[in-house]
Amino acid sequence: MKKRLGLALAASLLLGGVPNTQASSVTIPLETPIVKHEMRAAWIASVVNIDWPSKPGLSMMQQKTEFLKLLDDVQAMGMNAIVMQIKPTADAFYPSQYGPWSKYLTGVAGKDPGYDPLAFMVEEAHKRNIEFHAWFNPYRITMPGAGSTDLNSLVESHPARQHPDWVVTYGQQLYYNPGIPEAQQFIIDGIMEVVKHYDIDAVHMDDYFYPYRIAGVDFPDQATYETYGADRFANKDDWRRDNVNNLVKKINETIKAEKPYVKFGISPFGVWRNIAKDPTGSNTTAGQTNYDDLFADTREWINKGYIDYMTPQIYWNIGFEPAAYDILLDWWAKEVRGKNVDLYIGQADYKINANNAAWTNPQEMPNQIKLNRTYPEVDGSMHFSLKDLNKNPLGIKDILMNDLYKPKALIPAMPWLDNEAPKTPKLRDAARTEEGIALNIEDHQLNQDVTYYAVYRFDGTKKGSTEDATKLLTTVRKTGAEQVFVDETADPHKAYTYVITSVDRIHNESKETREITIK
């Protein structure tokens with residue numbers, strides 16, 4: 001992603017255009033339906049300490065305190081998932097056989113931070129019933145900077161130093177060579193280490209496959225192509241795409257063989273191909289594209305079921321001439337139509353009040369979200385990044401908190417993974433307490449059948465529809481066969497009616513319990 005590095009080419013340069021602030025002809029609805037099922041996620045980037053930790057070398061307690069504050073922020077904004085970068089540069093935010101401890105934790109690559117950050121982060125996210133998407137960067141070994149192309153500058157135990165034949169230099173960075181089968185398997189094994197040992201909800205990758213092209217410099221893989229691909233592909237670019245396709249396919253297959261409920265999603269650059277190159281591409285003029293430059297054939301992954309969700313980074317404003325948000329939103333919606341894949345949109349919150357004139361409009365981002373909701377194919381958004389949201393440019397954090405994301409939302413289910421709803425729990429009784437209204441929940445189903453409860457509250461003594469998203473009070477993680485939830489927001493002088501449902505790991509929802517009214 002462009003902003004998360006601050007070192008890649010700016011999006012406008014990639015598009016080869018001058019920012020266009022002309023008004024778009026697209027119609028933005030004044031209000032959109034409040035949706036009950038919507039992905040609302042924020043990326044938390046660790047590379048160069050963008051989001052967390054705020055700087056390397058903090059104590060364990062400082063790191064934990066910062067992360068808990070970020071979870072509080074996510075929860076306050078009505079979000080239900082985070083995308084946490086746990087392997088930014090062939091390193092790890094957990095004890096790993098496939099990379100050293102990240103220098104973004106301690107300031108020194110390979111230095112143990114004294115605890116397992118990934119285990120801590122997953123546990124704390126789940127306490128709040130926030131989905132945890134583990135974000136991996138598969139090929140990148142170093143970031144640009146002093147010594148960034150010197151393999152010997154890496155910690156001695158680094159796998160790249162153990163396998164120098166897997167490593168290539170491109171620009172000011174080192175990468176694992178995507179064309180070497182052993183390197184591909186190494187990447188898969190590194191991801192599966194996390195899938196097997198941690199209770200993550202999804203594996204996530206972004207737009208860094210083959211690196212963005214450097215003008216006039218070809219990626220140095222001719223010898224690799226001649227060894228592994230020339231006998232099968234007359235065109236080296238087709239071979240490169242096949243390498244990426246195979247990696248994506250194998251990651252998905254291996255995840256599902258281990259834990260069928262763990263989702264796999266990718267957040268590619270916002271343009272698959274320009275219409276000038278392919279009549280089925282988008283009406284855009286991007287200087288680089290997924291298919292032709294990053295060798296990431298997103299259409300292949302969608303059509304062949306290699307991924308569970310797609311999050312294109314549509315990081316431009318509505319009406320931006322080289323690549324308009326509205327044009328690309330429509331293109332991606334049609335691309336996934338009828339397919340077993342959820343579509344979330346990558347939102348460029350980092351551009352608010354900091355890019356071209358269009359982004360100085362306080363309604364640009366709210367309008368993008370409203371436009372998303374007019375498409376049944378769009379299942380929500382992922383925001384880059386949490387740090388930028390917390391700065392609250394043009395009041396976007398307030399708008400999410402108090403308007404667009406004010407009613408809670410369940411994450412959309414994925415019926416191709418599992419479409420069987422859990423059994424209904426028992427709402428045993430309820431009573432007013434000093435802290436609020438206490439609901440006693442009884443549920444003896446196995447833990448894997450029920451992950452959390454959805455609590456619905458209706459004003460007065462009559463129950464309405466649980467399909468009314470405004471009545472979804474909150475979600476509560478299941479902690480045992482019996483537990484108590486206290487509604488601390490209840491007015492002590494008002495009557496309420498409650499029902500509860502059980503929800504599984506894939507967000508299938510049970511039938512509702514009997515209603516209980518507290519007067």
Side-chain angles (χ1 to χ4, degrees), residues 1-6 8-28 43 206-213 215 266-299 301-302 310-337 343-361 363-372 374-375 377-378 381-385 388:
M1 297 184 180
K2 310 299 120 18
K3 168 63 165 54
R4 63 190 55 161
L5 297 184
L9 292 173
S12 60
L13 293 178
L14 283 171
L15 292 167
V18 176
N20 183 330
T21 58
Q22 68 182 25
S24 172
S25 60
V26 67
T27 300
I28 307 296
W43 275 290
D206 61 358
D207 54 327
Y208 289 104
F209 291 96
Y210 279 83
Y212 284 87
R213 285 189 192 268
I266 294 178
S267 175
F269 182 68
V271 180
W272 173 68
R273 296 192 88 183
N274 294 316
I275 197 169
K277 281 280 187 77
D278 188 316
T280 66
S282 53
N283 189 14
T284 52
T285 56
Q288 299 204 38
T289 66
N290 284 307
Y291 186 92
D292 297 295
D293 300 284
L294 305 179
F295 309 107
D297 189 357
T298 56
R299 175 172 288 175
W301 311 338
I302 291 170
M310 181 73 79
T311 308
Q313 299 168 34
I314 310 182
Y315 283 178
W316 307 285
N317 57 273
I318 295 168
F320 181 69
E321 188 173 347
Y325 183 92
D326 43 311
I327 295 294
L328 284 164
L329 177 65
D330 185 76
W331 187 89
W332 283 101
K334 291 173 179 173
E335 194 75 356
V336 304
R337 189 169 294 164
L343 177 63
Y344 314 135
I345 305 302
Q347 313 288 166
D349 300 86
Y350 72 90
K351 284 190 173 181
I352 299 173
N353 206 30
N355 194 253
N356 63 48
W359 289 99
T360 64
N361 177 3
Q363 292 305 309
E364 176 64 34
M365 183 58 68
N367 283 345
Q368 291 187 6
I369 295 172
K370 289 177 182 178
L371 195 58
N372 293 351
T374 66
Y375 284 87
E377 297 85 4
V378 178
S381 295
M382 292 182 170
H383 296 260
F384 189 79
S385 71
D388 297 289

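Not measured: the values here are computed from a predicted model.
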Are the aromatic ring centres of Phe269 and Trp316 under 6.0 angstrom apart?
-> yes

Would a 4.5 Å heavy-atom cut-off, applied to side chains only, mark Thr298 and Glu335 as touching?
-> no

Write out all pairs satisfying salt bridge (Lys or Arg N to Asp or Glu O under 4.0 Å) with one or both partners inside residues 274-290, taking only residues at least two apart or from two chains.
-> Arg273-Asp278

Please assess Trp272 against Ile302 for the test side chain to side chain contact (heavy atoms under 4.5 Å, CB included), listing each intermediate value before the final yes or no.
-> CA-CA 12 Å; Trp272 173 68; Ile302 291 170; over 6 Å; no

Of all heavy-atom pairs between Arg299 and Trp331, which one has the smallest distance, and what is that distance?
-> NH2-CZ2, 3.7 Å

Just jot down the side-chain hydrogen bond (donor to acceptor under 3.5 Å, both in side chains) partners of Ser282, sequence neighbours excluded, or say none.
-> Thr284

Do Ser385 and Asp388 come close enough that some side-chain heavy atom pair is under 4.5 Å?
-> yes

Within a strict 4.5 Å, meaning less than it, do heavy atoms of the Leu328 and Pro312 side chains meet?
-> no

So Tyr212 and Tyr208, would you call those rings parallel, tilted or perpendicular, with 30° and 60° as cut-offs?
-> perpendicular

Are Ile28 and Ile318 close enough that some pair of their side-chain heavy atoms sits under 4.5 Å apart?
-> yes

Any chance the side chains of Asp330 and Tyr375 put a donor and an acceptor closer than 3.5 Å?
-> yes

Report yes if some heavy atom in the side chain of Asn372 is under 4.5 Å from a heavy atom in the side chain of Gln347; otherwise report no.
-> yes

Begin from the C-alpha positions of Lys370 and Asn367 and carry the test side chain to side chain contact (heavy atoms under 4.5 Å, CB included) through to its verdict.
-> CA-CA 5 Å; Lys370 289 177 182 178; Asn367 283 345; 4.3 Å; yes

Quick one: are Tyr291 and Asp297 in side-chain contact, heavy atoms under 4.5 Å?
-> yes

So do Arg213 and Asp292 actually touch side chain to side chain, heavy atoms under 4.5 Å?
-> no

